Amino acid sequence: MKKISVLVLLGLFWGPLQAEVVKNLYNAQVPVAQRGQAALKDAAAEGLRQVLVRVSGREDVASFGDVQRALPKAESLLNQYHYSNKLVDGRDQLFIDFSFSEVEVNRLLSQAGLPVWDKNRPQTLVWLVVDDFSGRHFVSEASDPEIVQALREAAAQRGLPLVFPVLDIDDKLQLTTGQVWSMDLEAVRKAAERYRTSQILTGRLTRLSTSWIANFAVINGIDEDLLDRQAPELADILRPVVNSVADELASRFAVIRSGQSGAREHIVVSGIGNFRDYARLLTYLEGVAVVEHANPVWVSGAQAVIELHLEGSMDKARQFFLLDKKLLDDNNPGVAFTQSNLPVEQVHSYYRWQSRP
């Protein structure tokens, strides 16, 4: 993989991003040959491993000692399980559907010194061109269900929300198949601006008689990661690039919860219209993955000074603010907060509360 630093308009990538609450992070479905305690134990271990990969954001999670010791006891972390059947390649396959305890899974990861990635995750825009028997065209659900399904399955394994361009007249005026095929990444950036996603996965796929060839670019703010693949199976082409996207996002948003007090930073929040806004602000801040506590230091009118107790850095907290779009940067906070007697140099940053429910 090659990494190329590029200059981009930071406003595009550091403005509010599109996010999605990912469901079923703590659920897993594992195929089994038969019912029975031995099959249940093995399947529960595999189900827990899948859940830990999604929740931690790390593919190598099972290599850690605490996790290795927990996998044989995976049943103790279950909320419930049940058997189900469905057709796979024309055959009836037995599965066990597991639902693991969010509290217990998060506790295990914390005890192992591993991160927890919140359910609210950035979307990745997938803008690809494929060259196959029908010619060269944009990948879409209608024209290429096999490709889209393979992408969604790989993304589901990592808890990664994907979105695809609507390919309406605006998209087609902004970007051509030729520009994507030639890897014109500046043109892709411009066309993708309307979608406001954290990451962009773009590139070209070629279907040969017995294999696939692909050239991808993962655009992440100021970086581009280039990945070339050739494999007989489509899944073996797409899985590595989806994992690359997931790894990058997890490095930015997953939080190691040590249980110990971390940094303390003061922020000024404006735009608080009433007591309901104030209550919602504190509830929101307390729910941000990297924030341990949010303590009001001073409140007057539409403005408040909040002391944040963090499990991580303020930069990571800001990533969540931008993702959730509840707190936006405030370039004109005024001077009312100076009545709090908190020295200006002790204020880390300024935000404006978005009061919509």
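Keep in mind it's a predicted model, so treat the numbers as computed, not measured.
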Please determine, by modelled atom types, if [X] and [Y] share a side-chain donor-acceptor pair under 3.5 angstrom.
| X | Y | answer |
| --- | --- | --- |
| S270 | Q303 | yes |
| K86 | Q29 | yes |
| Q50 | E46 | yes |

Taking T176's backbone N and O only, do any of them form a donor-acceptor pair with Q179's side chain (distance below 3.5 Å, no angle check)? yes

Under 3.5 Å donor-acceptor, Q319 side chain and M314 backbone: no

Spell out, yes or no, whether [X] and [Y] are grouped together once hydrophobic residues are joined by side-chain heavy atoms under 4.5 Å, including indirect joins.
| X | Y | value |
| --- | --- | --- |
| F95 | V51 | no |
| L238 | L249 | yes |
| L167 | V129 | yes |

Would you mind checking if [Y] and [X] are paired as a salt bridge, meaning a charged N to carboxylate O distance below 4.0 Å?
| X | Y | answer |
| --- | --- | --- |
| E102 | R107 | no |
| E20 | K119 | no |
| R58 | D60 | yes |

Can R35 be said to sit on top of Y83's aromatic six-ring, NZ or CZ under 6.0 Å from centre and within 45° of the ring axis? yes

Q346, CD: over 12 other non-hydrogen atoms inside 6.0 angstrom: yes

Hey, can you tell me if W353 and Y284 have their rings parallel, tilted or perpendicular (30° and 60° cut-offs)? tilted

Measure up the Y81 and F98 rings against each other and bin them: parallel (under 30°), tilted (30 to 60°), perpendicular (over 60°). tilted

For D144, which of L151, L128, V130 qualifies under side-chain contact (heavy atoms from CB on, under 4.5 Å)? V130

Checking side-chain contact (heavy atoms from CB on, under 4.5 Å) against E311, which of H293, E292, K316 comes through? E292

